[in-house]
Amino acid sequence: MITNYLVGKKSKIYLQGDKQASENFNWLQSLLNELKIPIEIPGKGIGKMFEDSIKKIDVKRIFFALDPKKPNHIELNSDAEVQFNVPRFASLMKPTIESLTLEGKVSDQKGNFIAPISIPNHKVGTSLSNQNSLNTTMQLNINVNSVNLVNVESLMAEMLYAQDTTVSISGHSSVKTKMLLGRMTVPRVPFSADIKLPGLGKVLASQEPEIKNLKVIEMRNDGGIVLSALVSIKNPTEITSLMGSINLNCLIEENRNHLGTVLLENAKIAPGTNDLEAKFLFKYSSMVEDFIGNFFSGKDQTLLLQGVQGSATVHPILKNVIGAFVMRATLRSEATFGKFVSAVTLKRQGFNLIPQAFMTVSNPFKFPIKIISVKDLKVFAYKADDEQVLITEMERVPLEEALIIPANVENWVDEENPLPLQMNGNILRSIKALEMLLSKNNPVDEEGKKYLPIKIEGRIRSEMDELQCEFTFIKDRLPLYFVFGL
């Protein structure tokens, strides 16, 4: 009754005679016993204490799911702090919010309709804090057919490419509470609140993610090359986005040459560092050949990952938005691949004047790499002042047989098949090279061994899983060691 009185709702009570009253005449007792007098108590209400009962909704964390397998469905979960307008005397009655119902709409900053909002009978069961607020997780499922697609795409574009964006929610709320006086329902109270969404533009536009663990996993009969990798993205926001699989075009930033396509599989960007699984599909071409050459040479490459307009692999909401998506990604070959050639060692055995050269190589692939030929080879040595001195020049390295680097090896040396380097009969060049090798000014590696920094360049023809390719190989600051043998 008191609750109804406070919220302005009428109550009705009845006065009835007491049959046991001893001071009344018998006839009056009988009359009073049959008499019921209704009394209606009007609801007083305390001003507008329950008007705009929801003061603010502060979103702390968002889980946003667009599953291509559910094209008509949008899932939105959020951790939110809901603040209420509750008068002081009501706070003293220790209110607990048992359930919350929200019915209304979501609008953008210009007031354009985005989508309906319906959260029926959301169970809370939490006491209000001293600030008349509670923390809760709200779930919202939206039917795509009920949204304004144009406005949603505009909002998605802001979230993907802008820094922040704000949406407004408005409508009516129904709050069920439990107090010391009993349970109370506050029905259809109008509310409005702004929700600030941290834009994913902070994630995608302000960083250059690193491509890690790049591996060739398949050489196809049609000349295609399939590679797997991880694209590392850091997300400083509290938004988790589940976007399904995304098709991207892959271009070389330097010349905008199209390498092929990239598929981000089951793309999920959560707060913190995310390693997204990516599959690269390249159709073999001269651009891909140059890419492989740079890769084996240890040269860093910047790739552009560009969204595909109207992609069939994403949720319908993202079909047009993803087309404007461009991300610069860095492929650090040595960090990803390991050092294809990490050192060259010259070994002088017995009484031979010309030492033999052995390469220290790595191959993380699941198939061997066969070096068929090496042409236009030049080897430069660095003096202490960084001046380059040509110590070897060969039009073709005379390989007696192909050099085969086994699969899945690291820092491997083929002791039986040295690389036949020649000085072309130039004795002065040989003496100069030996003098530089024995110089006291040479740097020292981590193990305390002196080495001569060199630069190697040439054309390498190789075969990987029956696919042959020829590429320019350039390796700078490679350590050259010299070992005296017996």
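Counting begins at 1 with the first residue of the sequence. Atoms considered below: every heavy atom in the structure, side chains included; atoms not considered: hydrogens, waters and symmetry mates. Not measured: the values here are computed from a predicted model.
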Stepwise salt bridge (charged side-chain N to carboxylate O under 4.0 Å, His left out) check, Lys378 with Asp376:
CA-CA 7 Å; Lys378 292 181 180 179; Asp376 301 326; over 6 Å; no
Can you confirm whether Arg396 sits close enough to Met394 that some side-chain heavy atom of one is under 4.5 Å from a side-chain heavy atom of the other?
no
Is the shortest side-chain heavy-atom distance between Pro271 and Thr240 below 4.5 Å?
yes
Find out whether Ile252 and Leu259 are in side-chain contact, i.e. whether some heavy atom of one side chain is under 4.5 Å from a heavy atom of the other.
yes
Is the backbone N or O of Gln139 less than 3.5 Å from a side-chain atom of Asn77, with the two atoms forming a donor-acceptor pair by type?
no
Should the pair Phe282 and Phe291 be assigned to parallel (<30°), tilted (30 to 60°) or perpendicular (>60°) ring geometry?
perpendicular
Classify the side-chain pair Thr101/Asn121 by whether it contains a donor and acceptor separated by less than 3.5 Å.
no
Would you kindly say whether Ser168 and Asp194 are connected by a side-chain donor-acceptor distance under 3.5 Å?
yes
I'd like to know if the side chain of Asn148 and the backbone of Val150 have a donor-acceptor N/O pair within less than 3.5 Å.
yes
Contact between Ser133 and Glu81 at the side-chain level, heavy atoms closer than 4.5 Å - yes or no?
yes
Whether His315 side chain and Ile74 backbone form a donor-acceptor pair below 3.5 Å
no
If you count every heavy atom of other residues, nucleotides or ligands that lies below 6.0 Å from Lys268 atom NZ, does the total exceed 12?
no
Taking CD in Glu254 as the centre, count heavy atoms belonging to other residues, nucleotides or ligands within less than 6.0 Å. Is the count above 12?
no
More than 12 heavy atoms of other groups within 6.0 Å of Glu153 CD:
yes
Report yes or no: is the cationic atom of Lys347 (NZ for Lys, CZ for Arg) under 6.0 Å from the centre of the six-membered ring of Phe358, at an angle within 45° of the ring normal?
yes
Between Phe191 and Glu103, the two heavy atoms sitting closest are CE2-O, 4.3 Å
4.5 Å side-chain heavy-atom contact, Leu155 and Thr165
yes
Please tell me whether Glu265 and Ser245 have a donor and an acceptor in their side chains that are separated by less than 3.5 angstrom.
no
Quick one about Ser99 and His122 (side-chain donor to acceptor, distance below 3.5 Å, no hydrogens or angles considered), yes or no?
no
Run the salt-bridge test on Lys212 and Glu210 with the 4.0 Å N-O cut-off and return the result as yes or no.
no
Taking atom types as modelled, is there a side-chain donor on Thr472 or Arg459 under 3.5 Å from an acceptor on the other?
yes
Is there a side-chain contact between Val308 and Leu248 (heavy atoms, below 4.5 Å)?
no
Exercise: do Tyr382 and Asp476 side chains pair donor with acceptor under 3.5 Å
yes
